Amino acid sequence: MQKYNPKKIEPKWQKEWEKQGFYRAKDNSSKEKLFLLVEFPYPSGAGLHVGHCRSYTAFDVIARKQRMQGKNVLYPIGWDAFGLPSENYAIKTGIHPSITTKQSIATFTEQLKAMGFSFDWGREVNTTDPNYYKWTQWIFLKLFEYGLAYKAKIPINWCLSCKIGLANEEVVDGVCERCGGAIEKKEKEQWLIKITKYADRLIDDLKLVDFPERVKAQQINWIGKSRGALVKFPLNESQDFIEVFTTRLDTIFSGTFLILAPEHPFIEKNKVKITNFEEILAYKEKSKKISEIDRENQEREVSGVALEGVFALNPATNEKMPVWIADFVLANYGTGAVFADAHDLRDFKMAKKYNLPLKVSILPDDEKLAQKVRGLEECYEGEGILFNSKEFDGLTSQEARQAIGDFLKDKGLAKEKINYKLRDWVFSRQRYWGEPIPLINCEKCGWVALKESDLPLELPKIEKYQPTDTGGSPLSAVEKWVNVKCPKCKGPAKRETDVMPNWAGSNWYFLRYCDPKNTKKLADPKKLKYFMPVDWYNGGMEHTTLHLLYSRFIFKFLWDIGAVPKDLGPEPYKKRTSHGMILAEGGVKMSKSKGNVVNPDDVIKQYGADTLRIYEMFMGPFEQAIAWDTNSIKGAYRFLERVYRLKLKMKNEKLKTTIKNGKIEKLLHRTIKKVSEDIEQMKFNTAISTLMECLNIFEKEENIGTEDYLLFITLLSPFAPHLVEELWQQTGKKTSIFQEQWPQYDENLLKEEEVNIIVQINGKVRGKIEADNDVSEKEAKKLALKDENIIKWFEQKPIKKVVFVKNKLINFVI
RNA sequence: GCCCAGGUGGCGGAAUUGGUAUACGCGUACGCUUCAGAAGCGUAUGCUUCACAGCUUGGGAGUUCAAAUCUCCCCCUGGGCACCA
């Protein structure tokens, strides 16, 4: 007997499908389009991860089904290939990143093809290809042209021993990730992008898209919009003032001192007045060493130092306020200064510690709590009724914010202000393996953009990938490349040597898929108009804040300047979903160092790609993280083997195609409905369990017609495409299963003629009766009371009440 | 601290419009097949009990004829955000 042999059938059909070009999306089609987007992988040396296989299989299932439903599906793939691992590898070995990248891409391609994914390989993009990054650079020049890219000095994490700037993610537990050395904040010139200009739109337009609520919440949270006021605190005996941002203007009457961030420019400016300047400098030095990550530790005790010799005035009470510095006040949020009062826990702790004055101005409703608050036994941070606030006494916090705001505004001491947590986006990296920034710095003309015709500005080949001692990019050592003539005045000038961050290439790749070979534009507007927006974007949770935010921003910008057609609307993605991670056995993360990485190649070798696909779709809910279980793969393999054997069994027994089996027909229509609906809702695990149930019945049933069997395998085809194609063509079909129509179900065939009705007594299940569909209450009652097993429970007691649910149950209350 | 998701057999999970809890799969046991093993097939499998029956969806209370599903309180796990003024 022939055995199910995936090793033989899988490569055969993969070749055949590629030859036929089934999966090419057509640029011009009268069909409705469907743009399915998965996050393109970083081609690492480690090879394809089983996690990639999970999400790519999920969308492959949807793509295959939707094609069979008549859609022109665009399901593309590409490579997000700039990045640190290749560069670090180059530093270690001297092998150019372009070589390692090429090798990795070749491996990934082979692996993806072995999975049988129906990608449109004709549209492959690669962020490190000059023909691609030409347009990444073009977008940067547009940002520059529209004044959204600017250079500024900002503090970065500086590793003292590696002499290199680190991203926040590279600082682990306050020390350098690579060498474990100390980190210091250092000011450095960086290119920044004014994403803050789009903050409101990035919040408001979330109304237009279908993203999970938590993803929307994360985006909103990251942007961190808060409404408040800017308040001026005049300085004693001076015209000067300190400006403070607050959202709690209602508490201003309890403001008893001011706290500045240690980095606040006020300190340097008022050097002369401050009598304990040495002490201040020491504190500043100390706080420099505390990284952002350590600041997150709330258990840390509050600390601070007074600026001796300086006083401010509370604009509401005119009372004198000491001015302090403390490291819990952040220089880059608000104005880098706060007014401290009894209604903020940190301020409260600080006042207690250093014996600073405290005053209460808000009282809670709760009398008992109010008593404690009044006695300064407890810090009350909530809203309440004003107290100790002159004419504003008795107002609610909300009313008071408005009233006090108006009062101070009249005196010119306050104005409304909306503040954002979102910072402008640092767009420079002092690295090699990234897109060169296409700008030239001329002593006379300043920053000058390259002409569009001079793009792409190719990354020069170099020998040394190590960053320079001064923290400059490795490119800054390539003098021939750096020293150029100014495009404007032809005088001596220097290229920018920083490169773009990883995000640059992934911000807009979905646009390039619509028209990947265009040399004149980033993509033809006509093609964009047809394929965009992305109908459904799936990716990892780790990208739902930054990548999503950045790419939404870039799309909006391109939309604003007319680089993408206006009628598309301001959002690139209609719908976003996230897949759960695949963990190693035991629920820990897969990692090379732990040696628990599952290689998809090994699974394919042992069981075949179809088994891996079925297993990963069946293992659990798609959006949930789940641990790998080697044992369970067998179940997926057994299922496919049984499907294969059923075909053989049918052939041997010479079953005819004409068998009409009402029971099986009904089963199939129920299965069509459930599988079709489950796929669209990404409930792949229950879709497969429904198919398994169907097979279980098929195996027990003698009278299965070929037509029934073919319908069943059609439903299985998106999950196990190779096996089904093989079985399909073995029945003598000359064309591919994937040229077929997706089956439709008949509403009338979903109903059963007979139903089981549960009989309950006092809510407990005591039996069940078989009855015709839609049986009446009266009839059901009669049937139930005939049954001896049910009657015995009544024990002569009278029936108080009967609850009847049609086709489900009858409950007697006695 | 705040926000979100979740807690169901030995395991992954199903059922959330309130209406048979444990579908489907893994594992386990026994049997068939085999020289033997692997694979396969069949049967059983929530817990307690010889049985009758009772109990069971993190814990507690409540609403209801009826609760995994709804309400309240508490506990735990995972994820995100966070000295944000």
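Source: prediction; values computed, not measured. Values reported hereafter were calculated over all heavy atoms of this structure, with side chains retained and with hydrogens, waters and symmetry mates removed. In what follows, every chain begins at residue 1, and chains take the letters A, B, ... in the order their sequences are listed.
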Using atom [atom1] of each nucleotide, how far apart are [N] and [M] to the nearest Å?
N      : M      : atom1 : answer
G1(B)  : C84(B) : P     : 14 Å
U69(B) : G7(B)  : C1'   : 14 Å
C74(B) : U64(B) : P     : 24 Å
C3(B)  : G10(B) : C1'   : 35 Å
A68(B) : U22(B) : C1'   : 11 Å
C47(B) : U8(B)  : C1'   : 14 Å
A21(B) : G37(B) : P     : 42 Å
G46(B) : U28(B) : C1'   : 14 Å

> Using a distance-only test with no angle check, is there a side-chain donor-acceptor pair under 3.5 angstrom linking Thr57(A) and Glu616(A)?
Replying inline: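 Judged by distance alone, the side chains do not pair up.
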> Any side-chain donor paired with an acceptor under 3.5 Å for Asn538(A) and Thr577(A)?
Replying inline: yes
> Relative to the 5' end of RNA chain B, which residue comes earlier, Ala636(A) or Asp347(A), by the nucleotide with the nearest heavy atom?
Replying inline: Ala636(A)
> Which residue, Ile688(A) or Asn762(A), contacts RNA chain B at a nucleotide closer to its 5' end, judged by nearest heavy atom?
Replying inline: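 Going by which nucleotide is closer to the 5' end, it is Ile688(A).
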Tell me the interatomic distance from [X], atom [atom1], to [N], atom [atom2], rounded to whole angstroms.
X         : N      : atom1 : atom2 : answer
Glu693(A) : A23(B) : CD    : P     : 10 Å
Asn221(A) : G79(B) : CG    : C1'   : 13 Å
Glu623(A) : G78(B) : CD    : P     : 19 Å
Leu546(A) : G80(B) : CG    : C1'   : 12 Å
Phe812(A) : A66(B) : CZ    : P     : 16 Å
Asp344(A) : G1(B)  : CG    : C1'   : 13 Å
Glu542(A) : C81(B) : CD    : P     : 12 Å
Asn807(A) : U17(B) : CG    : C1'   : 16 Å

N/O-N/O pairs, protein side and nucleotides 36-42 of chain B side, under 3.5 Å:
unit_1	atom_1	unit_2	atom_2	d
G40(B)	OP1	Arg638(A)	NE	2.9
G40(B)	O3'	Arg645(A)	NH2	3.1
C41(B)	OP1	Arg645(A)	NH2	3.2

Is there any protein nitrogen or oxygen under 3.5 Å from a nitrogen or oxygen in nucleotides 52-56 of chain B, and what are the pairs?
unit_1	atom_1	unit_2	atom_2	d
G54(B)	OP1	Arg766(A)	NH2	3.4
G54(B)	OP2	Arg766(A)	NH1	3.4

I'd like to know if the side chain of [X] and the backbone of [Y] have a donor-acceptor N/O pair within less than 3.5 Å.
X         : Y         : answer
Lys349(A) : Val302(A) : no
Thr251(A) : Ser254(A) : no
Asp678(A) : Asn685(A) : no
Asn596(A) : Ala584(A) : no
Ser397(A) : Gly384(A) : yes
His343(A) : Tyr380(A) : yes

> Do Phe211(A) and Lys216(A) come within less than 4.5 Å of each other through their side chains, counting heavy atoms only?
Replying inline: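 Yes. Closest side-chain heavy atoms under 4.5 Å.
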> Leu549(A) versus Ile223(A): any side-chain heavy-atom pair under 4.5 Å?
Replying inline: yes
Mutual orientation of the aromatic rings belonging to [X] and [Y] [parallel < 30°, tilted 30-60°, perpendicular > 60°]:
X         : Y         : result
Trp425(A) : Tyr550(A) : parallel
Phe698(A) : Phe712(A) : tilted
Tyr615(A) : Trp628(A) : perpendicular

> If anything within 90° of 0 is syn and all else is anti, what is G9(B)?
Replying inline: syn
>> For RNA chain B, which residues of residues 251-260 of chain A approach it to below 4.0 angstrom with any heavy atom?
In response: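 None, since no heavy atom is under 4.0 Å.
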> Any side-chain N or O of Arg346(A) under 4.0 Å from OP1/OP2 of C84(B)?
Replying inline: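 Checking Arg346(A) against C84(B): at least one side-chain N or O falls below 4.0 Å of OP1 or OP2.
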> Under 4.0 Å between a side-chain N or O of Asn631(A) and OP1 or OP2 of G25(B)?
Replying inline: no
How long is the gap from [atom1] on [X] to [atom2] on [Y], to the nearest 0.5 Å?
X         : Y         : atom1 : atom2 : value
Thr247(A) : Asn419(A) : OG1   : CG    : 9.5 Å
Asp344(A) : Met350(A) : CG    : CE    : 11.0 Å
Leu258(A) : Ile325(A) : CG    : CD1   : 13.0 Å

Do NZ/NE/NH1/NH2 and the carboxylate oxygens of [X] and [Y] come within less than 4.0 Å?
X         : Y         : value
Arg576(A) : Glu39(A)  : yes
Arg401(A) : Glu383(A) : yes
Glu747(A) : Lys673(A) : no

Grab the N/O contacts between the protein and nucleotides 19-22 of chain B below 3.5 Å, and write none if there aren't any.
unit_1	atom_1	unit_2	atom_2	d
G19(B)	N2	Gln760(A)	OE1	3.2

Dump the pairs, protein N or O against N or O of nucleotides 10-16 of chain B, anything under 3.5 Å, distances to one decimal.
unit_1	atom_1	unit_2	atom_2	d
G12(B)	O2'	Met619(A)	O	2.6
G13(B)	OP1	Gln624(A)	NE2	2.7
A14(B)	OP1	Asn685(A)	ND2	3.1

> Aromatic ring centroids of Tyr637(A) and Tyr4(A) under 6.0 Å?
Replying inline: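 Ring centres of Tyr4(A) and Tyr637(A) closer than 6.0 Å.
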> How does RNA chain B read in dot-bracket, base by base from 5' to 3', with Watson-Crick or G-U pairs under 3.5 Å and | used when the partner is on another strand?
Replying inline: (((((((..(((......[....)))((((((.......))))))(((....)))..(((((..]....))))))))))))....
